K.L.:
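Sharing a structure with you now.
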Amino acid sequence: MANDMFKREEMKKSFWRSLALQGCNTYARQQGLGFGYAMIPFLKELYKDDPEEYANSLLRHTELFNITPQLGTFVMGVSMAMEEEAKNNPDFDRGSISAIKTALMGPLSGFGDAILWGSWRTISIGIGLGFAAQGSAFGAVIFVVLFNAVAWAMRYFGYGLGYHKGMEFIASATEGGLLENFTVAAKILGATVVGYMICKTVGFTTTISFTFDGWTTSLQKDIFDAFMPKLLPLVLSFVTYHYVKKGKKTTTILLGLVIFAFALAIIESLPVFGG
């Protein structure tokens, strides 16, 4: 489907313009205007002798569009290859270009959100926090580098893959179950990393103890840890997540945690609880 336009300057310009995909988000078209903006250099070169079709192509590519931004270049590549086919083949159905874009939004967004934002971002944060917890200032740098290395790889390689073999790749990955299996595996890995982060980074213990007939029972050591080590950090994380999912503001949740910590400290200081 595609010819040698991929190496031309217009393709490079469109790639860099794709970074502005969300620069003009609207309720009506989502990322549509950003997608059309990115396609301008390519379309202007492709239809330089046909102003009317150039205008029509701009209308096609400013329609409603929404996807994981890092995978937007893949759809751009597919769209460019189809636009070239449309120009070279008079019988080509130009309506299929918009149809393919719409069809790709859902599966690719599910894949991209699960892999990049749901899993890899969590993994990168976990690695960065591991260094930061040791007092290293490189923790934040490591997170930024790790996350963006994968994000930029998805942008760059997805662009060429979409242009040269986009539809063939999607068809084989979907029919063979590769896309679905990889997404499920990434979600499991992400959940595992979240569990590790809770264990290593959430510090929540209590010094409350009870004394009966000369026997002292520690609430933390003899009950919580005996049942399941790191139980309190896990419970606290789930409670916090519950309020986040309910739409509570982050500042409200943080304020609540501070008040809870002060209240617990006062309780622990009482003589009846071993204070």
Side-chain angles (χ1 to χ4, degrees), residues 1-25 30-46 57 61-62 65-85 97 100-125 127-128 140-174 178-183 185-186 189-190:
M1 182 181 291
N3 59 30
D4 62 348
M5 266 199 81
F6 188 71
K7 294 183 179 179
R8 295 185 186 177
E9 191 66 27
E10 289 74 17
M11 299 289 292
K12 297 177 183 177
K13 291 179 180 179
S14 287
F15 175 79
W16 291 114
R17 282 183 173 224
S18 71
L19 297 177
L21 183 64
Q22 298 189 102
C24 190
N25 250 339
Q30 299 290 306
Q31 301 165 347
L33 294 178
F35 191 93
Y37 171 76
M39 292 286 288
I40 286 176
F42 174 84
L43 296 174
K44 185 179 290 186
E45 173 66 20
L46 184 66
S57 67
H61 294 294
T62 52
F65 184 75
N66 193 38
I67 198 171
T68 304
Q70 290 75 15
L71 290 177
T73 52
F74 180 88
V75 182
M76 281 175 56
V78 174
S79 300
M80 289 172 174
M82 295 184 74
E83 287 288 354
E84 288 187 19
E85 181 69 13
I97 301 176
I100 290 297
K101 283 175 58 182
T102 302
L104 290 177
M105 285 193 297
L108 289 182
S109 293
F111 174 78
D113 289 349
I115 298 299
L116 188 65
W117 297 106
S119 299
W120 183 242
R121 181 177 61 168
T122 304
I123 294 171
S124 302
I125 290 174
I127 296 173
V141 176
I142 290 172
F143 159 65
V144 171
V145 170
L146 287 177
F147 178 77
N148 282 286
V150 173
W152 275 91
M154 292 172 74
R155 287 183 185 274
Y156 181 79
F157 293 108
Y159 196 29
L161 183 64
Y163 183 75
H164 291 296
K165 293 189 176 182
M167 298 313 300
E168 177 185 337
F169 173 78
I170 285 293
S172 60
T174 303
L178 175 63
L179 203 62
E180 181 180 355
N181 291 337
F182 192 68
T183 301
L189 178 60

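The model shown is predicted, which means the values in this text are computed figures rather than measured ones.
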K.L.:
From I100 CD1 over to M105 CE, what is the distance, rounded to the nearest 0.5 angstrom?
P.N.:
11.5 Å
K.L.:
State, to 0.1 Å, how close F35 and L21 come at their nearest heavy-atom pair, and which atoms those are.
P.N.:
N-CD1, 3.6 Å
K.L.:
Return the CE to CZ distance between M154 and F111, rounded to the nearest 0.5 Å.
P.N.:
6.0 Å
K.L.:
Which residues pass the side chain to side chain donor-acceptor pair (under 3.5 Å) test with N25, not counting sequence neighbours?
P.N.:
none
K.L.:
Can you sort out the partners of V145 under side chain to side chain contact (heavy atoms under 4.5 Å, CB included), two or more places apart, ordered by chain and number?
P.N.:
V141
K.L.:
By ring-ring contact (aromatic ring centres under 6.0 Å, His included), which residues pair with Y37, not counting sequence neighbours?
P.N.:
none
K.L.:
Scan residues 150-163 for pairs that pass salt bridge (charged side-chain N to carboxylate O under 4.0 Å, His left out), counting only residues two or more places apart or in two chains.
P.N.:
none
K.L.:
At what distance, to the nearest 0.5 angstrom, does CZ of R17 lie from CE of M39?
P.N.:
12.0 Å
K.L.:
Just wondering, do F74 and I67 contact through their side chains at under 4.5 Å, heavy atoms?
P.N.:
no
K.L.:
Which side chain to side chain donor-acceptor pair (under 3.5 Å) pairs, counting each pair once, include a residue from residues 73-83, with sequence neighbours left out?
P.N.:
Y47-E83, R60-E83, H61-E83
K.L.:
Roughly how far, to the nearest 0.5 Å, is the CD atom of E45 from the CE atom of M80?
P.N.:
12.0 Å
K.L.:
Roughly how far, to the nearest 0.5 Å, is CD1 of I115 from CG of L108?
P.N.:
12.0 Å
K.L.:
Which label fits F42 and Y163: parallel for a plane angle under 30°, tilted from 30 to 60°, or perpendicular past 60°?
P.N.:
perpendicular
K.L.:
Check whether T62 reaches the backbone of G32 with its side chain - one donor and one acceptor, N or O, closer than 3.5 Å.
P.N.:
no
K.L.:
Taking the side chain as every heavy atom from C-beta outward, state whether I142 and I127 have any atom pair closer than 4.5 Å.
P.N.:
yes
K.L.:
Using the ring-ring contact (aromatic ring centres under 6.0 Å, His included) criterion, which residues pair with F15? Sequence neighbours excluded.
P.N.:
Y159
K.L.:
With the side chain counted from C-beta on, respond yes when W120 and L146 share a heavy-atom pair under 4.5 Å apart, and no when they do not.
P.N.:
yes
K.L.:
Look only at the side chain of S14 and the backbone of A38, and say whether a donor-acceptor pair between them is shorter than 3.5 Å.
P.N.:
yes
K.L.:
Just to verify, what does T68 make a side chain to side chain donor-acceptor pair (under 3.5 Å) with, not counting sequence neighbours?
P.N.:
D113
K.L.:
Would you indicate whether the side-chain heavy atoms of Q31 and P69 approach each other to under 4.5 Å?
P.N.:
yes
K.L.:
Could you tell me which non-hydrogen atom of C24 sits nearest to which non-hydrogen atom of L33, and how far apart they are?
P.N.:
SG-CD1, 3.7 Å
K.L.:
Closest heavy-atom contact between P41 and E10?
P.N.:
O-CG, 3.4 Å
